[in-house]
Undergrad: 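Starting off with a structure, shown below.
Because the structure is predicted, anything quoted here is derived from the model rather than measured. Below, all heavy atoms of this structure are taken into account, side chains as well, without hydrogens, waters or symmetry copies. Heads up: numbering here begins at 1 and tracks the sequence.
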Amino acid sequence: MKRSLVFLATACALCVAWVLCKGMQADTRTVEIEGEAIPYICLNEKVYVYLKDLLDSGFFVDAAESRTLETRSGMVSEIVLWQEDIFPKEDKKIGNIPHMQDGWKYETYINGLQIGTYACQGELLVDAEELIGQPVSFKEDASISEKAVLYDQNGNEEVLPENLEQITKTNRNSVHGNPEAPNRFSFENCSQYLMRAEKNTAHKLGIDVLQKGDILKTKKGSFPLEEVKAGECAGVSILTMQEEYTEFSSMLNELGISYSFNNGKLELQGKGNGKTINQKSTDAMGTIPQYPYRMFAMTLELSNGDKLDCLYDGEKLFAANNDLEQTDIWKEYGYVYENGNWTPLK
């Protein structure tokens, strides 16, 4: 009988200890960027990450492109973050994420494209689903699902006294340019912000940032990520486009030749149609000094090994005039290219 009582008492003590330990146990879910755990906020089963934590994952605030504007509706602070290894300029002016001020509007751009901005307790955040371009499957206790809950790197939770507020909706403008439709590039292996989910389960979200040299898969094929250009300082000027590049995709279309990308190789299909195309006069620049869309700079290799310096905006491919003239591959398609003119071989 004594043995039974001792056994029962021991079992009860173990159960109490297990319940107490479970009550003190930190949340087992984690959010990581590039393998490093970061704090995050959950609200209505959605996950939000702090903008400042991107600065520890290879990003910087572009002080030259970020600016403060006074508009009819109030003050607007534009915060432009770039991934360091794909930033198109050697010299960069590094700034800071601004302290929030009452009544101000804040707009955030990541890798040249605007993203929705949220605020909580004076801190700026972004939606993890937007960053990776797919739903996040975290589930919360129903009793706190409608409250903003902060989880630190170790999973310890704190119910915040105020809710998260969306202060800027997502319109996907390129930096100081036009909106970029979700299907403009149709990225297959990452989001428009060049991030993807390395892991996305009910217990872990691992955010992977594409690095320079990683392959981007798009509707036109695949090519290595090199540089992204957008904005007044880090973008491409209209004058440069007119003087140094040819709108190659439309030219190939006129010649009856189609193209695609294959891991950085430019694959051309078809033979020239024998049409003569002379250099067209460029239109006046008007009032737009910079190209209004994001440009992906890339080096594409032709079948003969020659390379073309190219720019791609998701719809149009531009090639450097010098490179077009220095290769003789056009003879395989029945053409000679010189000074912007495409002349069929006799």
Side-chain angles (χ1 to χ4, degrees), residues 17-61 79 81-86 97 100 108 110-111 113 115-167 170 187-212 214 225:
W18 180 81
V19 170
L20 289 174
C21 288
K22 192 173 186 301
M24 294 185 292
Q25 185 179 20
D27 191 270
T28 57
R29 297 171 303 178
T30 57
V31 175
E32 297 179 351
I33 298 182
E34 293 294 290
E36 295 293 328
I38 60 170
Y40 62 96
I41 290 178
C42 263
L43 176 63
N44 294 325
E45 299 184 353
K46 292 178 70 69
V47 173
Y48 303 86
V49 299
Y50 288 94
L51 202 57
K52 63 185 180 183
D53 287 320
L54 291 177
L55 302 183
D56 295 323
S57 304
F59 287 82
F60 74 97
V61 176
I79 309 161
L81 274 69
W82 285 102
Q83 207 174 313
E84 289 193 38
D85 66 342
I86 63 171
I97 294 175
M100 289 190 64
T108 304
I110 295 177
N111 284 336
L113 194 65
I115 188 171
T117 308
Y118 298 78
C120 187
Q121 294 187 312
E123 298 275 7
L124 297 171
L125 303 95
V126 291
D127 186 347
E129 291 190 359
E130 283 195 74
L131 281 182
I132 64 174
Q134 66 182 71
V136 176
S137 55
F138 277 15
K139 299 295 181 184
E140 284 188 285
D141 187 326
S143 64
I144 59 173
S145 64
E146 294 184 359
K147 299 176 182 178
V149 182
L150 168 65
Y151 296 89
D152 66 14
Q153 296 94 318
N154 300 313
N156 299 307
E157 67 180 49
E158 175 189 355
V159 178
L160 300 176
E162 60 182 81
N163 263 349
L164 200 72
E165 177 189 4
Q166 184 170 10
I167 55 177
T170 305
F187 293 120
E188 297 177 3
N189 62 332
C190 66
S191 70
Q192 290 177 288
Y193 305 100
L194 309 180
M195 300 187 203
R196 60 190 172 195
E198 181 270 330
K199 193 167 187 178
N200 186 7
T201 68
H203 298 284
K204 182 177 180 180
L205 172 63
I207 299 175
D208 185 25
V209 181
L210 264 68
Q211 306 296 318
K212 187 171 185 175
D214 286 347
L225 176 60

Undergrad: If you measure from CZ on R196 to CD on E188, what distance do you get to the nearest 0.5 Å?
TA: 13.0 Å
Undergrad: Does E130 reach the side chain of T170, with side-chain heavy atoms less than 4.5 Å apart?
TA: yes
Undergrad: Determine the minimum heavy-atom distance between G133 and S191, stating which atoms define it.
TA: N-CB, 3.6 Å
Undergrad: Can you tell me if N200 uses its side chain to pair, donor with acceptor, with the backbone of A197 under 3.5 Å?
TA: no
Undergrad: Does N163 use its side chain to pair, donor to acceptor, with the backbone of A148 at less than 3.5 Å?
TA: yes
Undergrad: Within a strict 4.5 Å, meaning less than it, do heavy atoms of the T30 and L205 side chains meet?
TA: no
Undergrad: Test D214 against K212 for side chain to side chain contact (heavy atoms under 4.5 Å, CB included), laying out the working first.
TA: CA-CA 6 Å; D214 286 347; K212 187 171 185 175; over 6 Å; no
Undergrad: Measuring from atom CD of E123 to atom CG of D53, what distance do you get when rounded to the nearest 0.5 angstrom?
TA: 9.0 Å
Undergrad: Output yes when a side-chain donor or acceptor of D152 lies under 3.5 Å from a complementary backbone atom of N154, and no otherwise.
TA: yes
Undergrad: Quick check for you: to the nearest 0.5 Å, what is the distance between Q211 atom CD and L194 atom CG?
TA: 10.5 Å
Undergrad: Quick one, Y48 with L164, criterion side chain to side chain contact (heavy atoms under 4.5 Å, CB included). Give me CA distance, side-chain angles, the key distance, then yes/no.
TA: CA-CA 9 Å; Y48 303 86; L164 200 72; 3.2 Å; yes
Undergrad: How about Y151 and V31: do any of their side-chain heavy atoms sit closer than 4.5 Å?
TA: no
Undergrad: For the residue pair E36 and S57, confirm or rule out a side-chain donor-acceptor distance under 3.5 Å.
TA: no
Undergrad: With a 3.5 Å distance limit and no angle check, can you tell me whether T108 reaches the backbone of I79 through a side-chain donor-acceptor pair?
TA: no
Undergrad: Between atom CD1 of I115 and atom CG of L131, what is the distance when rounded to the nearest 0.5 Å?
TA: 4.5 Å
Undergrad: Output all residues satisfying ring-ring contact (aromatic ring centres under 6.0 Å, His included) with Y193, sequence neighbours left out; order by chain, then residue number.
TA: none
Undergrad: So, taking the atom named CD1 in I86 and the one named CG in L225, what distance separates them when rounded to the nearest 0.5 Å?
TA: 5.0 Å
Undergrad: Dump the intermediate steps for side chain to side chain contact (heavy atoms under 4.5 Å, CB included) on L43 and V149, then the final yes or no.
TA: CA-CA 7 Å; L43 176 63; V149 182; over 6 Å; no
Undergrad: Could you report the tightest heavy-atom contact between F138 and K204, atom names first, then the distance?
TA: CE1-N, 3.6 Å
Undergrad: So do K46 and D127 actually touch side chain to side chain, heavy atoms under 4.5 Å?
TA: yes
Undergrad: Step by step, would you call I110 with F59 a side chain to side chain contact (heavy atoms under 4.5 Å, CB included)?
TA: CA-CA 9 Å; I110 295 177; F59 287 82; 3.9 Å; yes
Undergrad: Taking all atoms of both residues into account, what is the closest heavy-atom pair of I167 and M100, and its distance?
TA: CD1-CE, 4.3 Å
Undergrad: Could you check whether any side-chain heavy atom of C120 comes within less than 4.5 Å of a side-chain heavy atom of L125, counting everything from C-beta outward?
TA: yes
Undergrad: Can you tell me how far the CG atom of L150 sits from the CD1 atom of I41, to the nearest 0.5 Å?
TA: 5.5 Å
Undergrad: Regarding D85 and Q83, do their side chains bring together a donor and an acceptor under 3.5 Å, going by distance alone?
TA: yes
Undergrad: Flag the pair L81 / F60 as yes when at least one side-chain heavy-atom distance between them is below 4.5 Å, and no otherwise.
TA: no
Undergrad: Please tell me if the side chains of M195 and L54 come closer than 4.5 Å, counting only heavy atoms from C-beta onward.
TA: yes
Undergrad: Please say whether more than 12 non-hydrogen atoms of neighbouring residues, nucleotides or ligands are located less than 6.0 Å from CD in Q134.
TA: yes
Undergrad: Taking the side chain as everything from C-beta on, heavy atoms only, tell me whether E32 gets closer than 4.5 Å to I38.
TA: no
Undergrad: Could you pull out the closest heavy-atom pair between I132 and V136, with the gap in Å?
TA: CD1-CG2, 4.1 Å
